[in-house]
Amino acid sequence: MDSIQINGGIPLQGQVRIQGSKNAVLPILAATVLIEGTCLLSNCPKILDVYRMQKMLTELGSQVYWKGNELYINSENINSDVMKREDTKSIRSSITLLGALIGRTKEAKVGYPGGCVIGNRPIDIHIEALSSLGVSFVETEEYLLARADHLHEGIVKLRFPSVGATENLILSSVLVKGNTVIQNAAKEPEIYSLCEFLNTAGAKIEGAGTSVISIKGVERLNGCSYSIPGDRIVAGTYLAGCMVAGGAVLLREAPVNQMKATLNVAEHMGALLQRAPEGLYVEAPRKLVSPCNIKTGVYPGFPTDLQSAFLVLLTQIEGESQMEETIFENRFRIVDSLRAMGADLTVNNCKVIVKGKTPLYGTVVNAEELRGGAALVMAGLGAKGNTKVDSVDYIYRGYENIGRDLRELGARVYSV
Ligand code: EPZ
């Protein structure tokens, strides 16, 4: 795996375009399995997880090809309903192919998506919810076998507003006769964009973005064009990078309306933010102020995917702050690396107590997962000296080219 080297202590300046959203495009790619026609996805991010989904779609019989940042998918000739284990364990969002295959072929053989270092990522909520609509499951060592001969309409109340389970319910129901209602649905923007895409293809879905989503089944869905919205997590990551390094930047095409909780915390810390049609202007404070307690939560709460990046910021604020993680059970993966850089952190179950302000010093650290790896790069921007982040393939799962983006903002960041 490659590494990234950051020569820290240089305030950021300039502007960078925020890429299309990983967590919006992945379920939409799964949804193309339901569509007997050609879909054109513009502003599609060129990231590892998209390439992995592309491989799985191709193995199912879809035709998938790029033209610049536009991705074309035609799933008219789906000729398989088997998702190989070595593919599905490589990316969590492969689980949404379960719902799409059930919706299209009424059966699926899907390798378990597997956990990752931030949590064991079970799929019990998915199975419980789909079973209540008539899907029968057989769980073998390697595979989950699903049959949906009796898939029917119904009302499903999720015991937790799981993003993936909400997506799977939508995908399995859009072609089912009658009305299906999801209660306690996830409200993340990625649910909204999935439903917007499906409605563009001819689905009849209402309530996306609220906790009650109603799906009126249709006979078929047609090929369509759709532009992937900007990535709120990439934008929030670079916002944190500017705040830790100092300076002033424009994050072009940042989906500002999806970032309220993040922007509120940044402003509480002293950032000057200006929302504009072209994106988000960020001016870092001379000194981060107001120690604070941040608690992650489901949307519209503070996003768990920005927890690591904002933990870095808490180390730069005078006084005692706290980060509480309520979504994943093991998402404080960068604590040891931040300690090695000079931070004073104490982990207490799902909380980290931060004693700031501690200067950060460059050293060699290891990205263990996607968002933690990106957060370590942000820490390197604010550290004295050079920071080398190893295993950056994790970062390329969700960031097209973090080095290129940060160089456009004047940072001294190089692949090594
Ligand atoms: C999506 O994961 C995102 N991934 C995650 O982003 C994001 O952190 C998460 O939603 C929460 O916003 C994609 O969209 C590809 P969940 P997902 O189902 O769908 C537990 C990133 O960095 N749970 O809402 O897996 C689960 O273990 C990634 O881009 C069950 O217990 O999230 C977790 O603790 C990381 N049983 C919590 O619920 C289930 O059946 C939230 O999971 C399903 C989930």
Side-chain angles (χ1 to χ4, degrees), residues 19-31 45 47-50 52-53 56 88-99 110 112-132 137 139 144 156 158-171 182 184-194 211 228-229 231-237 258-259 261-262 296-309 325-331 333-334 350 367-375 394-400 402:
Q19 70 182 58
S21 165
K22 167 178 93 76
N23 291 347
V25 72
L26 293 175
I28 286 172
L29 285 171
I47 53 178
L48 283 181
D49 278 11
V50 167
R52 287 167 174 161
M53 277 294 266
M56 288 186 273
T88 55
K89 70 177 182 212
S90 66
I91 122 178
R92 166 77 185 178
S93 51
S94 60
I95 190 63
T96 47
L97 284 166
L98 170 69
V110 181
Y112 292 102
C116 60
V117 291
I118 66 172
N120 67 17
R121 317 288 293 268
I123 56 172
D124 52 334
I125 300 174
H126 296 245
I127 292 174
E128 204 174 294
L130 291 168
S131 302
S132 72
F137 289 97
E139 299 184 45
L144 179 64
V156 186
L158 291 176
R159 62 179 159 82
F160 174 83
S162 154
V163 173
T166 302
E167 290 164 350
N168 259 336
L169 282 171
I170 292 165
L171 294 169
I182 307 169
N184 197 29
K187 298 189 277 189
E188 272 68 5
E190 293 75 32
I191 301 294
Y192 184 86
S193 48
L194 173 63
S211 56
I228 303 299
D231 193 311
R232 62 190 173 105
I233 304 302
V234 170
T237 305
Q258 299 175 12
M259 301 174 67
T262 304
T296 66
V298 297
Y299 196 85
F302 187 88
T304 175
D305 294 347
L306 285 174
Q307 182 258 93
S308 296
E325 171 58 56
T326 68
I327 304 295
F328 289 104
E329 65 267 30
N330 196 17
R331 202 168 199 177
R333 310 295 303 180
I334 65 168
C350 63
E368 291 184 35
E369 38 89 19
L370 166 57
R371 304 300 176 185
Y394 288 111
I395 303 175
Y396 294 141
R397 290 190 49 193
Y399 296 76
E400 275 187 339
I402 196 168

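Numbering of ligands and ligand atoms starts at 1, following listing order. Keep in mind that this is a model prediction, so the values were computed, not measured.
- Here Val163 has heavy atoms under 4.0 Å from ligand 1 in both its backbone and its side chain.
- In summary, the side chains of Tyr399 and Arg371 do present a donor paired with an acceptor at a separation below 3.5 Å, with no hydrogens or angles considered.
- Of all atoms in ligand 1, listed by their number and element, those nearer than 4.0 Å to a heavy atom of Arg371 are 21 (C), 22 (O), 29 (O).
- A salt bridge does not link Glu188 with Arg232: every distance from a Lys NZ or Arg NE/NH1/NH2 to an Asp or Glu carboxylate oxygen is 4.0 Å or more.
- For ligand 1 and Phe160, the ligand atoms under 4.0 Å from any heavy atom of the residue are 37 (C), 38 (O), 41 (C).
- Residues satisfying the side-chain contact (heavy atoms from CB on, under 4.5 Å) criterion with Asn330, sequence neighbours excluded, are Arg333.
- Distance check on atom 41 (C) of ligand 1: some protein heavy atom falls below the 4.0 Å cut-off.
- In Arg331, the part holding a heavy atom less than 4.0 Å from any atom of ligand 1 is the side chain.
- Scanning the protein heavy atoms around atom 25 (O) of ligand 1, the nearest turns out to be Arg92 NE, 3.0 Å.
- Gly297 approaches Thr326 most closely through the heavy-atom pair CA-OG1, 3.8 Å.
- Short contacts between ligand 1 and Thr304, defined as distances under 4.0 Å to a heavy atom of the residue, involve ligand atoms 8 (O).
- Of the protein's non-hydrogen atoms, the one nearest atom 26 (C) of ligand 1 is Phe328 CE2, 4.2 Å.
- Residue Val163 forms a side chain to side chain contact (heavy atoms under 4.5 Å, CB included) with just one option from Asn168, Asn23, Ile191, and that option is Ile191.
- Compare Pro122, Ala24, Gly297, Gly164 by their heavy atoms: the one nearest to atom 43 (C) of ligand 1 is in Pro122.
- In the vicinity of Ile327, heavy-atom distances shorter than 4.0 Å reach the ligand 1 atoms 33 (C), 34 (O), 37 (C), 41 (C).
- The shortest N/O to N/O separation between Asp124 and ligand 1 falls below 3.5 Å.
- No donor-acceptor pair under 3.5 Å is formed between the side chain of Asp231 and the backbone N or O of Gln19.
- Residue Ile118 has no nitrogen or oxygen atom sitting less than 3.5 Å from a nitrogen or oxygen atom of ligand 1, judged on distance alone.
- Of the polar atoms of Ile125, at least one N or O is found under 3.5 Å from an N or O of ligand 1, judged by distance alone.
- Side chain of Gln307 to main chain of Arg331: a donor-acceptor pair is present (N/O by atom type, distance under 3.5 Å, no hydrogens or angles).
- Residue contacts with ligand 1, taken as heavy atom pairs separated by less than 4.0 Å, do not involve Glu190 at all.
- Note: an N/O pair closer than 3.5 Å links Ser162 and ligand 1 by distance alone.
- Contacts of Arg121 with ligand 1, taken as heavy-atom pairs under 4.0 Å, involve both backbone and side chain.
- At least one donor-acceptor pair closer than 3.5 Å links the side chain of Thr166 to the backbone N or O of Ala186.
- Under a 3.5 Å cut-off, the side chain of Glu329 and the backbone N or O of Asn120 do form a donor-acceptor pair.
- Nearest heavy-atom pair, Gly236 versus Leu306, reported as atom, atom and distance to 0.1 Å: C-CD2, 3.6 Å.
- Within a 6.0 Å sphere centred on CZ of Phe302, other residues, nucleotides and ligands contribute more than 12 heavy atoms.
- The single protein non-hydrogen atom nearest to atom 3 (C) of ligand 1 is Asn23 ND2, 3.7 Å, given as residue, atom name and distance.
- Under 4.0 angstrom from ligand 1, the non-hydrogen atoms of Asp305 all belong to its side chain.
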